[in-house]
Amino acid sequence: MRNIPRGVYSLPENIPGEREGWQMRINTKLFRPGQTFVWSISGKGGMTTTYLMEGPIAPCEPVPAPKPSFKEPEFRVATDRGRSLEDLRVDEKTVGEVLPELRRRGKKVVFAVISVPPGNPGGYGIVRTQEEPVGDDWVVWEAEENAKGVIRLLVTEHRLDKNPVYGGPRDALIPD
């Protein structure tokens, strides 16, 4: 079933106090009688799939997980020491405040529109990445760069109560 009711599950989020692992909420009150929620993890990147099925489901047949391998992420935080924007604070500023400096530095910019779980407990998902500009009043939560020097701004349309990338103020985790 493709029409999963809004609110059946939340985006995965970090477990407070743990370095690894995550949690998500499933609201079974939104299931209709006879429905089964199926959530699977597969592939190298841990790709997830979600279904809300009608009727019973055959038992899962676990298969051994592939041996973990370290894969360098395509984008890394650009404002860390040694990166191209190490001297620039972008977090919690508007796109209109950040873009002029990035343009002055000759940077190509793309925008990652992020989604935040209800209550903003920390963590986010990327809804889409686009080259088309977002509004100047959108909020930047962090800047990342790839090997080609492209800057990806993590943005939301509205200001949030805390930075979802860091689960609070950036300075609490990364001192200047």
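- Separating the CZ atom in F75 from the CZ atom in R152 is a distance of 4.5 Å, to the nearest 0.5 Å.
- Counting heavy atoms from C-beta on, the side chains of L52 and F31 come closer than 4.5 Å.
- Contact check for V109 versus L99: side-chain heavy atoms found under the 4.5 Å cut-off.
- Counting only heavy atoms from C-beta outward, the side chains of E54 and R32 approach each other to under 4.5 Å.
- Residues N120 and P164 approach most closely at OD1-CB, 3.6 Å, considering heavy atoms.
- Of the options L154, V95, I151, T129, a side-chain contact (heavy atoms from CB on, under 4.5 Å) to F111 is made by V95 and by none of the others.
- The side chain to side chain donor-acceptor pair (under 3.5 Å) check on T156 picks up W141, with sequence neighbours excluded.
- The shortest distance between side-chain heavy atoms of D136 and T94 does not fall below 4.5 Å.
- Remark: of the listed residues E145, E144, E142, E142 is the sole one forming a side chain to side chain donor-acceptor pair (under 3.5 Å) with T79.
- Note on R89 versus D91: salt bridge recorded, some NZ/NE/NH1/NH2 to OD/OE distance being below 4.0 Å.
- Salt-bridge check for R81 with D87: failed, with every basic side-chain N at 4.0 Å or more from each acidic carboxylate O.
- In this structure, K108 NZ and N146 CG are separated by 9.5 Å, a value rounded to the nearest 0.5 Å.
- Side-chain contacts under 4.5 Å among hydrophobic residues (ILVMFWY), followed directly or transitively, place V110 together with V150.
- E157 contributes atom CD, which lies 12.5 Å from atom CD1 of I114 (distance to the nearest 0.5 angstrom).
- Of the possible donor and acceptor atoms, one in the side chain of R159 sits under 3.5 Å from a partner among the backbone N and O of E92.
- A salt bridge is absent between E86 and R83; no separation between the charged side-chain nitrogens and carboxylate oxygens falls under 4.0 Å.
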